Amino acid sequence: MSTRPFTIVFALYDGMTQLDFTGPHEFLSRTPGAVTLVASRDGGSVKSDRLEFGGTVPLTTVSDCDLLCVPGGLSATAVALDRVFIAEIRRLGLGARYVTSVCTGSLILGAAGLLKGKRAACHWAWRDLLPLFGAIPQADRVVRDGDIITGGGVTAGMDFALTVLAEIAGADVAQAIQLGLEYDPQPPFHAGSPQSAPPQVLARFQATAAPLIEKRRAQAEEAARLLVGDESTIGAISV
């Protein structure tokens, strides 16, 4: 009988949103009996949009995992074009018990071919890119479809982490960790979604994001084309 601990792998990359990683990591790293690995394409230091993280292990040195988590970030669609990184995400994802993401990390899962026909969450501003990878976009803060669990934008990563914790360690453990971390959100504003944000706030955000829309869609479309090409090659080899 195997005594290997439950292994959680966070796959990081330059330009990710740090809270997409650090929020879930704060919760999931406390899973009783679990081992948490922080990995990246080449190992070493990874620069997020706000902080730098050192000591990550190369993804190629991770043989397998029980749970794979991919954070999002403004560079997510660019990273979706990195075939080395995407190949490692696909390899680990195909063998994992749970395949998970936060924010636009779901676009990376999609580029790895792990979301076809699956319901998935994403940051609301980029959710419309999911169908490029055959995924079914959902507006919920946390979405589960079989062994795929995805969180919405950034702060949804903490709700996502509690959902995952309850799944792998039980609701009582998840709630005890929630209590210990005093996760009891009471935001001073109700502007966390396009439905609740005041019109002028939504317009301000959309104006800021506008220059990114065409670039990110083009990157996602190219990643989707590469995915189709990869699957055709795999199919030809297996025939």
Side-chain angles (χ1 to χ4, degrees), residues 12-27 47-51 69-81 100-111 115-145 148-164 166 178 181-224:
L12 309 190
Y13 53 89
D14 287 339
M16 67 176 186
T17 298
Q18 65 87 10
L19 189 58
D20 288 4
F21 159 55
T22 54
H25 185 275
E26 190 69 44
F27 287 84
K47 294 181 178 180
S48 75
D49 59 352
R50 295 292 186 272
L51 298 171
C69 185
V70 182
L74 287 179
S75 65
T77 48
V79 170
L81 297 171
T100 74
S101 66
V102 177
C103 197
T104 50
S106 58
L107 300 178
I108 293 174
L109 295 183
L115 293 186
K116 283 203 168 183
K118 298 290 188 176
R119 293 178 291 108
C122 189
H123 188 289
W124 66 267
W126 312 107
R127 196 183 299 139
D128 64 330
L129 299 178
L130 282 170
L132 292 171
F133 304 106
I136 304 166
Q138 301 287 294
D140 302 278
R141 198 157 168 84
V142 182
V143 175
R144 178 169 187 176
D145 192 332
I148 307 289
I149 307 175
T150 52
V154 193
T155 60
M158 287 179 278
D159 295 347
F160 151 86
L162 282 169
T163 301
V164 173
Q178 177 182 4
L181 295 176
E182 199 176 351
Y183 178 54
D184 187 23
Q186 300 175 42
F189 306 109
H190 295 290
S193 76
Q195 289 75 34
S196 62
Q200 74 276 12
V201 173
L202 177 59
R204 180 170 184 165
F205 176 88
Q206 289 174 326
T208 301
L212 298 173
I213 292 175
E214 185 175 344
K215 178 181 179 180
R216 297 198 84 184
R217 174 163 285 276
Q219 289 172 331
E221 288 174 346
E222 177 61 18

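If you're wondering where the values come from, they're calculated on a predicted model, not measured in any experiment. Just the heavy atoms: all of them, side chains too, but no hydrogens, waters or symmetry mates, feed the values below.
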Legend entry - pair Leu202-Gln206: side-chain heavy atoms closer than 4.5 Å: yes

Inset, instruction - Begin from the C-alpha positions of Ser193 and Trp124 and carry the test side chain to side chain contact (heavy atoms under 4.5 Å, CB included) through to its verdict. - result: CA-CA 8 Å; Ser193 76; Trp124 66 267; 5.8 Å; no

Inset, instruction - Using a strict 4.0 Å threshold on nitrogen-to-oxygen distance, state whether Arg217 and Asp128 make a salt bridge. - result: yes

Legend entry - Note, Phe189 side chain near Val201 side chain (heavy atom, < 4.5 Å): no

Inset, instruction - Report the distance from atom CG of Leu129 to atom OG1 of Thr104, rounding to the nearest 0.5 Å. - result: 9.5 Å

Legend entry - Shortest non-hydrogen separation from Arg216 to Gly73 and the atoms involved: NH2-O, 2.9 Å

Inset, instruction - Any chance you could lay out the salt bridge (charged side-chain N to carboxylate O under 4.0 Å, His left out) test for Lys47 and Asp14, step after step, and finish with the verdict? - result: CA-CA 5 Å; Lys47 294 181 178 180; Asp14 287 339; over 6 Å; no

Inset, instruction - Quick one: do Leu130 and Ser106 satisfy side chain to side chain contact (heavy atoms under 4.5 Å, CB included)? Show the steps, please. - result: CA-CA 8 Å; Leu130 282 170; Ser106 58; 3.6 Å; yes

Legend entry - Pairwise side-chain contact, Ser101 with Cys69, heavy-atom cut-off 4.5 Å (strictly under): no

Inset, instruction - First locate atom OH of Tyr13, then atom CD1 of Ile108, and finally report the distance between them rounded to the nearest 0.5 Å. - result: 3.5 Å

Legend entry - Student check: side-chain heavy atoms of Leu132 and Glu221 closer than 4.5 Å: yes

Inset, instruction - State, to 0.1 Å, how close Cys103 and Gly72 come at their nearest heavy-atom pair, and which atoms those are. - result: CB-CA, 4.3 Å

Inset, instruction - Tell me, yes or no, whether the heavy-atom count around Glu214 atom CD, taken from other residues, nucleotides or ligands under 6.0 Å, exceeds 12. - result: no

Inset, instruction - Rounded to the nearest 0.5 Å, what's the gap from CG on Leu115 to CG on Asp145? Could you check? - result: 9.0 Å

Inset, instruction - Identify the two heavy atoms, one from Arg144 and one from Arg119, that lie closest to each other, and give their separation to 0.1 Å. - result: O-NH2, 2.9 Å

Inset, instruction - Verify the distance criterion only: is there a donor paired with an acceptor across the side chains of Asp184 and Gln186 at less than 3.5 Å? - result: yes

Legend entry - Spacing of CG belonging to Leu107 relative to OG1 belonging to Thr150, to within rounding of 0.5 Å: 10.5 Å

Inset, instruction - Would you name the heavy atoms of Trp126 and Ala209 that are closest together and state the gap between them? - result: CH2-O, 4.3 Å

Inset, instruction - Provide the closest heavy-atom pair for Ala121 versus Val143 in the form atom of the first, atom of the second, distance. - result: CB-CG2, 3.7 Å

Inset, instruction - Could you verify whether a donor N or O on one side chain and an acceptor N or O on the other, from Gln219 and Thr77, lie under 3.5 Å apart? - result: yes

Inset, instruction - Determine whether Pro24 and Val102 make a side-chain contact, defined as any pair of heavy atoms from C-beta on separated by less than 4.5 Å. - result: yes

Inset, instruction - Apply side chain to side chain contact (heavy atoms under 4.5 Å, CB included) to the pair Leu109 and Lys118, showing each step before the final yes or no. - result: CA-CA 11 Å; Leu109 295 183; Lys118 298 290 188 176; over 6 Å; no

Legend entry - Student check: side-chain heavy atoms of Thr155 and Leu19 closer than 4.5 Å: yes

Inset, instruction - Decide side chain to side chain contact (heavy atoms under 4.5 Å, CB included) for Phe160 and Phe27; before the verdict, give the C-alpha distance in whole Å, the side-chain angles of both, and the deciding distance to 0.1 Å. - result: CA-CA 10 Å; Phe160 151 86; Phe27 287 84; over 6 Å; no

Legend entry - Nearest-0.5 Å distance that lies between atom OG in Ser48 and atom CE in Met16: 5.0 Å

Legend entry - Reported CD-to-CZ distance for the pair Gln18 and Arg50, which is rounded to 0.5 angstrom: 8.5 Å

Inset, instruction - Would you mind reporting whether Val70 and Thr100 have side-chain heavy atoms less than 4.5 Å apart? - result: no

